Number of protein chains: 2
Amino acid sequence: LVQVRRLSKTYGEGEAAVTVLRALDLDIDAGRIVALCGPSGSGKSTLLNIIGCLDRPTSGTYHLAGQDMSALDRTAQAAARLTYLGFIFQSFHLLPDITALENVMLPLQYAGIPLAERRARAESMLARVELTDRMHHRPNQLSGGQKQRVAIARACVSRPRLLLADEPTGALDTRTGRAVLDLLEEIHAEEALTIVIVTHDNSVAAWAHQRIDLRDGRIVSSPPDAHV
Amino acid sequence: LVQVRRLSKTYGEGEAAVTVLRALDLDIDAGRIVALCGPSGSGKSTLLNIIGCLDRPTSGTYHLAGQDMSALDRTAQAAARLTYLGFIFQSFHLLPDITALENVMLPLQYAGIPLAERRARAESMLARVELTDRMHHRPNQLSGGQKQRVAIARACVSRPRLLLADEPTGALDTRTGRAVLDLLEEIHAEEALTIVIVTHDNSVAAWAHQRIDLRDGRIVSSPPDAHV
Ligand SMILES: Nc1ncnc2c1ncn2[C@@H]1O[C@H](COP(=O)(O)OP(=O)(O)OP(=O)(O)O)[C@@H](O)[C@H]1O
Ligand SMILES: Nc1ncnc2c1ncn2[C@@H]1O[C@H](COP(=O)(O)OP(=O)(O)OP(=O)(O)O)[C@@H](O)[C@H]1O
Ligand SMILES: [Mg+2]
Ligand SMILES: [Mg+2]
């Protein structure tokens with residue numbers, strides 16, 4: 001499903017250039033749950049953003065379901081994100097002026113789903129992350145872990161084919177984090193969802209099917225082709 | 001050092017009222033390291049903000065070093081925060097248009113410290129959180145864990161008497177998180193710094209002198225007077 005070849009990413013130029021990803025190769029089969037681990041600053045979010053079509057590599061190729069994503073223009077990339085991808089951001093990126101429920105309903109609006117069904121599906125997803133009693137709060141009326149769960153619900157509600165999760169349990173206590181993993185596992189079982197989950201938590205990495213380690217922009221500890 | 005009596009906090013009014021803290025009692029001796037734990041949404045950040053003079057209780061009292069903080073006006077509260085308190089926010093709150101180094105220098109500027117010394121102390125603190133090679137980056141050029149470390153350096157550089165840390169290792173890998181705890185332990189040893197650290201990480205709670213558990217706005221698992 002995901003095929004990355006000789007992927008590199010450099011910020012800045014000349015003396016100020018910072019190379020963050022270094023000619024990475026990576027293959028992820030459909031339906032796999034892959035944990036992406038590594039030290040702070042090693043390039044995990046950068047790699048996830050490129051896979052999620054939120055950023056472009058400096059060089060190398062990225063194919064999603066056989067399609068060369070670097071060949072797409074911005075409009076086509078945005079369409080791919082809407083129909084195919086779900087993204088849970090490390091800093092959540094909720095819309096501040098609408099409620100948790102309205103935030104979760106938003107991806108379904110772009111998909112043209114009628115109001116009653118949008119509301120029902122969003123309420124159901126918020127119940128699954130245990131936020132029913134906070135769904136009419138706006139983000140600044142929510143705790144850190146509550147905002148994280150809204151971001152999780154929003155990413156899952158549109159039933160994506162590929163879910164990209166950047167440290168989705170980072171702000172959660174153990175029990176709530178486990179409830180989130182249970183939710184992801186249920187959706188995975190229902191739909192053979194492919195999941196790439198960046199995490200610092202070894203128990204989350206152990207929960208995944210396979211673990212990939214990143215260090216200084218290189219994959220260091222997985223099978224020779226990094227085929228998972 | 002910290003004395004909280006019958007502290008309550010309620011947001012909203014009437015039907016929309018949400019009671020987040022419920023008549024809490026808490027005593028923290030100077031020089032102690034206290035871990036504050038509890039489920040997502042239990043009131044940890046709210047309690048920390050009140051202790052840090054960033055918010056006011058709905059009822060009850062809070063004394064810091066014998067002084068009734070609820071009796072202070074906004075200006076006096078701001079002065080207390082500058083001279084006495086260091087705060088590491090759950091969402092960092094770095095100034096986006098200046099570099100990491102400039103962010104860390106900022107508290108010293110308010111203290112009237114000359115430029116050369118501000119720079120030297122900020123560079124030293126950034127080195128202790130392993131960010132020397134990123135100190136001229138702005139926050140949007142930093143990873144999640146790098147931003148967290150800038151927030152940590154900024155809170156420590158002014159040598160506060162009371163450090164309030166809201167999940168300071170949440171975005172960090174195990175090794176970097178351990179380096180942060182080592183830094184806090186060194187400063188604590190140098191100056192008998194009092195630390196209240198909100199955390200979901202049991203190894204961080206174990207590192208502290210004492211652990212307090214919060215559940216639905218009440219302290220549930222510590223000695224009868226919650227005296228630590
Ligand atoms: N402005 C507000 N209006 C209404 N409710 C609020 C407001 N701010 C916070 N809350 C509620 O207060 C409760 C406690 O929030 P707090 O941020 O203290 O939790 P927390 O223990 O820090 O959680 P986490 O571990 O998720 O960070 C939450 O249930 C939240 O929804
Ligand atoms: N716009 C930018 N300009 C320069 N360097 C950048 C920029 N954005 C990110 N970086 C650098 O890229 C590196 C990788 O960042 P990335 O966010 O991918 O790390 P990460 O593995 O997700 O870290 P964390 O675990 O701390 O979230 C970091 O060292 C960061 O300083
Ligand atoms: Mg990251
Ligand atoms: Mg919190």
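Just so you know, these numbers come straight off a predicted model, no measurement behind them.
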For chain B and chain A, give me every donor-acceptor pair shorter than 3.5 Å, distances to one decimal.
unit_1: B:Ser40; atom_1: N; unit_2: A:Asp173; atom_2: OD1; d: 2.7
unit_1: B:Ser40; atom_1: OG; unit_2: A:Arg149; atom_2: NH2; d: 2.8
unit_1: B:Arg149; atom_1: NH2; unit_2: A:Ser40; atom_2: OG; d: 2.8
unit_1: B:Ala171; atom_1: O; unit_2: A:His200; atom_2: NE2; d: 2.9
unit_1: B:Asp173; atom_1: N; unit_2: A:His200; atom_2: ND1; d: 3.3
unit_1: B:Asp173; atom_1: OD1; unit_2: A:Ser40; atom_2: N; d: 2.7
unit_1: B:His200; atom_1: ND1; unit_2: A:Asp173; atom_2: N; d: 3.4
unit_1: B:His200; atom_1: NE2; unit_2: A:Ala171; atom_2: O; d: 2.9

Is there a side-chain contact (heavy atoms from CB on, under 4.5 Å) between A:Leu181 and A:Val204 once you walk through the steps?
CA-CA 8 Å; A:Leu181 295 186; A:Val204 174; 4.1 Å; yes

I'd like to know whether A:Leu184 forms a side-chain contact (heavy atoms from CB on, under 4.5 Å) with A:Leu163, so could you lay out the CA-CA distance, the side-chain angles of the two residues, the decisive distance to 0.1 Å, and finally the verdict.
CA-CA 9 Å; A:Leu184 297 183; A:Leu163 179 69; 3.6 Å; yes

side-chain contact (heavy atoms from CB on, under 4.5 Å) between A:Leu164 and A:Ile88, intermediate numbers included:
CA-CA 6 Å; A:Leu164 305 173; A:Ile88 302 165; over 6 Å; no

With side-chain contact (heavy atoms from CB on, under 4.5 Å) as the test, would you mind laying out the steps for A:Leu214 and A:Val220 before giving the verdict?
CA-CA 6 Å; A:Leu214 211 57; A:Val220 294; over 6 Å; no

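For the pair B:Val34/B:Ile197, no side-chain contact is recorded, criterion being any heavy-atom separation below 4.5 Å from C-beta on. Using a 4.5 Å heavy-atom cutoff, the side chains of A:Leu7 and A:Leu47 are in contact.
Residue contact with chain B, scored on non-hydrogen atoms closer than 4.5 Å, is absent for A:Val20.
For the atom pair CG of A:Leu64 and CD1 of A:Ile51, the computed distance is 9.5 Å after rounding to the nearest 0.5 Å.
Options A:Ala171, A:Gly177, A:Gly170 differ in how many heavy-atom pairs under 4.5 Å they form with chain B, and the most are formed by A:Ala171.
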